[in-house]
Protein chains: 2
Amino acid sequence: MTEPSPPDPRRAALMSAAADLFFERGYAATSIDAIIDRAGGSKRTIYALFGSKEGLFEALVRENTERMFGAALFGGEELSLEATLRDFATHLLELFTNERTVGLYQVVVAEAGRLPELAASFYRLGPERGRAWIAQVLERAAARGEILPCEPDLAAGQFLGLVRSDVYYEIVLGLRGPLSDAEIRHIADAAVDTFLDGMRPRG
Amino acid sequence: MTEPSPPDPRRAALMSAAADLFFERGYAATSIDAIIDRAGGSKRTIYALFGSKEGLFEALVRENTERMFGAALFGGEELSLEATLRDFATHLLELFTNERTVGLYQVVVAEAGRLPELAASFYRLGPERGRAWIAQVLERAAARGEILPCEPDLAAGQFLGLVRSDVYYEIVLGLRGPLSDAEIRHIADAAVDTFLDGMRPRG
DNA sequence: GAGGTACGGTAATGGTCGTTACCGGATTTG
DNA sequence: CAAATCCGGTAACGACCATTACCGTACCTC
């Protein structure tokens with residue numbers, strides 16, 4: 001799909017400018033002229049490299065998804081279950097609440113109706129990898145008896161939701177800025193505690 | 001804010017057509033002409049009633065948010081904690097995975113950058129009411145010793161995330177259609193079980 | 001050093017769309 | 001019944017914008 005193209009500075013500048021604008025203002029509100037004003041170069045270059053505005057947008061989404069989510073987040077060697085979950089929750093929150101990642105998600109949601117395959121490939125290249133990994137982690141933990149038997153995929157989805165909690169919902173709506181490290185740690189720890197032990201008093 | 005206007009069939013027809021189009025195709029991709037084609041009437045009526053395309057959009061979002069989320073979902077008299085949570089989870093999933101609600105959310109997210117106050121009022125009039133109610137329920141349960149002491153707001157956010165889990169994320173991206181009643185029950189029950197007791201074996 | 005190619009800048013084209021103006025008929029009002 | 005108001009339909013206006021064409025220059029090749 002992506003040829004191992006030699007690094008092209010014009011292409012990189014376009015991508016960077018396009019990311020700034022598309023992620024901040026959305027697809028429709030971003031004009032080709034605005035991208036050129038920011039990146040320099042000329043429109044011919046965009047059409048030579050990407051064919052159309054939509055082509056640029058799709059390339060942008062795909063490459064950013066891979067770059068953001070590909071960063072070796074998922075699948076390190078396993079520590080204890082609890083430590084693994086804590087690690088994952090922290091990294092997940094860092095990633096998901098990052099301004100760029102939020103912008104990417106917002107614009108993919110906004111265009112999901114018009115470009116369903118793009119939304120699907122975003123999910124597959126991005127969030128689904130984390131989900132699949134956690135499902136595996138949980139499945140192995142269940143086999144070892146460290147957690148109750150469960151449907152690993154359902155449980156993984158629960159854990160993701162628990163970590164994102166309502167904070168992510170607010171962030172996506174633009175109601176909260178990015179989280180501090182302390183907030184991230186607090187939410188991640190609370191999520192792992194609840195996921196493993198629940199809120200009901202033991203014993 | 002909203003005068004108790006007498007029911008105006010032209011206004012209602014416009015609202016309904018606008019909802020179909022805005023929620024399905026988004027703000028920019030919906031033209032005034034398309035709304036008129038579907039609703040009948042003339043553009044003059046839109047500009048007389050709403051002033052502009054954006055005015056129509058804002059009225060649409062506000063009224064639909066109130067209508068969808070106002071439906072006495074939150075705050076019924078309390079059963080047992082567990083039954084209350086199960087009820088709430090089921091209703092929340094029914095509401096959030098409903099096609100209309102998803103469309104509303106998508107378009108609010110898409111325009112959140114351009115219309116931040118609209119996104120804020122959507123959250124306040126809608127999801128926040130459920131969150132505040134659950135926080136109260138949890139606070140009382142903690143006072144009774146039925147659950148561990150907790151920060152009620154944090155715990156409420158966790159519960160919401162746990163119920164939405166990853167399924168909602170997928171639905172918002174358009175990757176899944178609405179859920180069947182059986183799926184809703186399954187996910188809601190699993191969420192309550194995990195929230196109360198966690199995944200770790202007891203004893 | 002000559003010829004050609006690549007590229008940035010700018011203008012032109014064609015279409016869409018929000019908004020406003022105009023027209024004719026229907027309905028209401030005195 | 002006459003006058004005025006309302007409203008649907010259509011056209012006009014102006015702006016924006018994706019896309020393409022054109023032009024001049026700089027660099028690269030031979």
B:Arg100 and B:Asp20: CA distance, side-chain angles, deciding distance, salt bridge (Lys or Arg N to Asp or Glu O under 4.0 Å) verdict: CA-CA 9 Å; B:Arg100 284 300 255 248; B:Asp20 289 347; 2.9 Å; yes
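- Here the P atom of nucleotide C:dG8 and the CG atom of A:Asp37 are 14 Å apart, to the nearest Å.
- With distances taken from any side-chain atom of A:Tyr47 to the nucleotides C:dT19, D:dT19, D:dG9, the minimum falls on D:dT19.
- Taking the six-membered ring where tryptophan is involved, the planes of A:Phe88 and A:Trp133 are tilted, since the angle between them lies from 30° to 60°.
- In plain terms, the two heavy atoms of B:Phe159 and B:Ala89 that are nearest each other are CZ-CB, 4.1 Å.
- Between the CG atom of A:Leu56 and the C1' atom of D:dC17 there is a distance of 15 Å, given to the nearest Å.
- Looking at every heavy atom in both residues, B:Leu93 comes nearest to B:Thr97 through O-OG1, 2.7 Å.
- Distance A:Arg11 CZ to C:dA6 P: 18 Å, rounded to the nearest Å.
- Going from atom CD1 of A:Ile35 over to atom C1' of D:dC17 covers 12 Å, rounded to whole Å.
- Under 3.5 Å, the side chain of B:Lys43 and the base of C:dT19 form at least one donor-acceptor pair of N or O atoms.
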Canonical and wobble pairing (Watson-Crick, G-U, under 3.5 Å) of DNA chain D, dot-bracket with |: |||||||||||||||||||||||||||.||
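- Atom P of nucleotide C:dG9 and atom CD1 of A:Ile46 are separated by 12 Å, given to the nearest angstrom.
- Atom-to-atom, NZ of B:Lys53 to C1' of C:dT20 comes out at 17 Å; the value is rounded to the nearest Å.
- Among the nucleotides C:dG9, D:dG8, C:dT19, the one closest to any side-chain atom of B:Arg10 is D:dG8.
- Enclosure of atom CD in A:Glu94 by more than 12 non-hydrogen atoms of other residues, nucleotides or ligands within 6.0 angstrom is indicated.
- Within residues 26-34 of chain A, no residue places a heavy atom under 4.0 Å from DNA chain C.
- Distance, A:Arg25 CZ to D:dC17 P: 11 Å, rounded to whole Å.
- One finds a side-chain N or O of A:Thr45 lying less than 4.0 angstrom from the OP1 or OP2 phosphate oxygen of C:dG8.
- In this structure, B:Tyr105 OH and B:Thr65 OG1 are separated by 12.5 Å, a value rounded to the nearest 0.5 Å.
- With salt bridges taken as basic N to acidic carboxylate O contacts below 4.0 Å, one links A:Asp193 and A:Arg86.
- In this entry the distance linking CD of A:Glu54 with P of D:dA18 reads 12 Å, nearest Å.
- Judged as a ring pair (Phe, Tyr, Trp, His ring centres under 6.0 Å), and not counting sequence neighbours, B:Tyr123 has no contacts.
- In this structure, A:Arg44 does not reach the C:dA6 phosphate: none of its side-chain N or O atoms is under 4.0 Å from OP1 or OP2.
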Verdict with supporting geometry, A:Asp166 and B:Arg164, side chain to side chain contact (heavy atoms under 4.5 Å, CB included): CA-CA 9 Å; A:Asp166 204 49; B:Arg164 289 198 292 259; 2.9 Å; yes
